Amino acid sequence: MDSEQEEVLKTFATECEESFLATESALVALEAAPADSELVETIFRAMHTLKGNAYSLGFAAVSEFAHGVEDVLELIRARSLEVTSGVVTLLLGAVDALRELVPEAIAEGDAPSAREHEILAALRRVSSQGPEAAAAAPSREPQKTGRERRSRPFGRRREDFELWSGRSHALRIDTRKLDGMLDLTGEMTIALGRLRRGLEQQHGPERGELLALQDHAERLHLSLQEAVTKVRMVAIGPTFAQFVRVVRDAAAATGKLACLEIEGEEVEVDVTVIEQLRDPLVHLVRNAVDHGIEGSEQRRGAGKDPTGRVTLRAFHDAGSIVVQIEDDGAGYRVERIAERARERGLAAEPERMSSQELIELAFAPGFSTADRVGDLSGRGVGLDVVKRSVERLHGSVQVGNRPGLGSTVSLRLPLTVAIIDGLGIGAGGEAFMLPLDAVIECIDLPRDLHASSAARGVLNLRGEVVPYFRLSDALGLPRLPSARENVVVVRHNEGKAGMAVDSLEGESRTVIKPMGKLLQGIPGIAGSAVLATGRVALILDVPDLLRKVAASPPAPLPN
């Protein structure tokens, strides 16, 4: 395929995905406002453009399918067809089918699946028989249909469409290239650090001039690193827009009324953060609709709008990005959480715990307050997945609860996960790095505790009792004799914990290196970094390390 033809297909793929997102949002809005003719026109224009473009490229089945959607929309425009939930569901199913049909048409020729034939037949029935025919439409759940293989008129793979449209690997491929650039800037940091040490050891007359040139080179390098980081930043709006459909489908599945509001869609985030944020957001949005938003009658009885509101919000705060999922439902039922916590043995006396402590239990593995297992929740895996996913991004989760008025889940995340601002530490003769945003302060370990052989204990931090542990013991490293030990005080949920280390190496900014497959999944280790000295340091996963220490029995005192 020549380059001109490939550019045409790239443009077609990109425009298709944009049309699908716009059509989904307009359909969900049309269900809430059936008389809004502008929404109908928006959907009609998108389908008409798709039909014309597909026809010009020879994709007859895509063009025919879009024409079937057009026929239904034409009746809605003429007020001959009422906009019902069934009609909207069928049209959303048609969008799903087109999403499958377009990349297959690009890759393999025009070969619709059996399911797509069923949806097209349902569209034609609605056009001729009215909205009652929509009830017989096939499920929108994706199915493995064994699509007929045909010739490849453009010689492309299905993955090319996903790459061009930005639906799948395009961002990952770009990220890998940018990761390579960041790796180079990391290598430059190491080289510049070695060069500076070499210059500082010189005593010739040119030493001052050379150090000034070194300073200039380091400033340019920092500017380059920041520029590469900015290239990785993308607006979070398109990710948020996908949840219009999630809210609509979750509300339909639970028999509730709910809508999505989006704030801060222009906020930019590292593309890796966005990729890893999608699954936690799906869990939280579905949880807000299923557990938070009440039924329409219950909301009316409480003096609320019968349609619940879920808000996705993003904003920058103190060098981090905060993503909030807020609902105006009933809030967390702390009494129910306390009851389940007692049943599962998570808390012997939950009545003595604060509301915030009880809500934290909802993020425990396998915890659920649902009375039954449904399609959306009840298996006790959602909030646990959210917490672990956010912590892998070196972020944190906070929950605000307003009984009877709703709840807010705040995810605080770093702007980028490719570069870390960290504190270098030493333990057991090895080098480690702590994410700087997890560090509160550093102090000397009191002499009486330094003289103790205990692997863990408590210390008095200006009148506050703080638990601490020795990092070398937690990681199975030998203890090295030293005249003093330092304690790094880190954040632990809403409290603090101390980490006794052999040495503090100072703050630094470095590129995160991923762990190899054989070393992935080691408890307490999040990655690695190459220090300016050229030494490799392991990056500690603070929450995971603290969980590991808390779960392990205290080591016996040596004889």
Side-chain angles (χ1 to χ4, degrees), residues 1-24 26-27 40-77 81 87 90-129 133-134 136-140 142-168:
M1 180 172 60
D2 58 42
S3 59
E4 183 177 347
Q5 211 171 42
E6 182 166 340
E7 286 302 317
V8 170
L9 286 182
K10 285 182 180 179
T11 302
F12 176 66
T14 302
E15 290 179 352
C16 281
E17 185 60 24
E18 291 174 351
S19 295
F20 296 152
L21 287 173
T23 300
E24 282 185 333
L27 282 170
V40 179
E41 291 298 327
T42 297
I43 303 167
F44 188 89
R45 285 194 299 269
M47 287 297 108
H48 187 73
T49 301
L50 174 60
K51 182 182 76 170
N53 291 341
Y55 183 81
S56 66
L57 290 170
F59 299 147
V62 176
S63 179
E64 183 183 11
F65 208 101
H67 184 74
V69 178
E70 260 190 335
D71 287 342
V72 175
L73 293 170
E74 188 63 57
L75 293 176
I76 294 175
R77 291 171 79 192
L81 180 66
V87 170
L90 174 60
L91 291 174
L92 286 170
V95 173
D96 288 341
L98 280 167
R99 263 204 175 98
E100 290 297 313
L101 185 56
V102 169
E104 293 293 344
I106 290 176
E108 301 162 356
D110 250 348
S113 68
R115 174 173 168 270
E116 287 153 7
H117 279 304
E118 292 175 6
I119 294 177
L120 181 57
L123 290 169
R124 289 170 175 167
R125 285 197 303 271
V126 171
S127 299
S128 59
Q129 301 174 24
S139 168
R140 288 187 295 103
Q143 301 171 5
K144 302 295 184 182
T145 55
R147 193 181 291 276
E148 177 190 348
R149 295 289 172 179
R150 297 180 62 179
S151 61
R152 298 189 179 188
F154 295 107
R156 306 307 300 176
R157 300 169 299 131
R158 177 187 176 89
E159 289 80 4
D160 290 329
F161 170 81
E162 297 175 339
L163 185 154
W164 295 338
S165 66
R167 282 176 53 194
S168 178

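Please read all numbers here as calculations on a predicted model, not as lab measurements. In this chain, residues are counted from 1 in sequence order.
- Within the 4.5 Å cutoff, the side chain of Ile76 has heavy atoms near those of the Val87 side chain.
- Scanning all heavy atoms of the two residues, the minimum distance from Asn53 to Glu15 falls at ND2-OE1, 3.4 Å.
- When every heavy atom of Val40 is checked against every heavy atom of Leu73, the shortest pair comes out as CG1-O, 4.1 Å.
- The shortest distance between side-chain heavy atoms of Phe44 and Val72 does not fall below 4.5 Å.
- Nearest heavy-atom pair, Ala54 versus Val62, reported as atom, atom and distance to 0.1 Å: CB-CG1, 3.6 Å.
- Of all heavy-atom pairs spanning Gly68 and Leu120, the tightest one is CA-CD1, 4.2 Å.
- Under the 4.5 Å side-chain criterion, counting only non-hydrogen atoms from C-beta, Leu91 is in contact with Leu123.
- Rounded to the nearest 0.5 angstrom, Tyr55 OH and Leu57 CG are separated by 12.0 Å.
- Between Phe65 and Ala97, the shortest heavy-atom contact is CZ-CB, 3.6 Å.
- The line from NE2 of His48 to CD1 of Ile43 is 15.5 Å long, rounded to the nearest 0.5 Å.
- Of all non-hydrogen atoms in Leu98 and Pro103, the two that sit nearest each other are O-CD, 4.3 Å.
- Note that OG of Ser19 and CZ of Arg99 are 10.5 Å apart. Values are rounded to the nearest 0.5 Å.
- At distances below 3.5 Å, not a single donor-acceptor pair connects side-chain atoms of Ser63 with backbone N or O atoms of Phe59.
- Remark: Met47 CE to Phe20 CZ distance equals 6.5 Å, nearest 0.5 Å.
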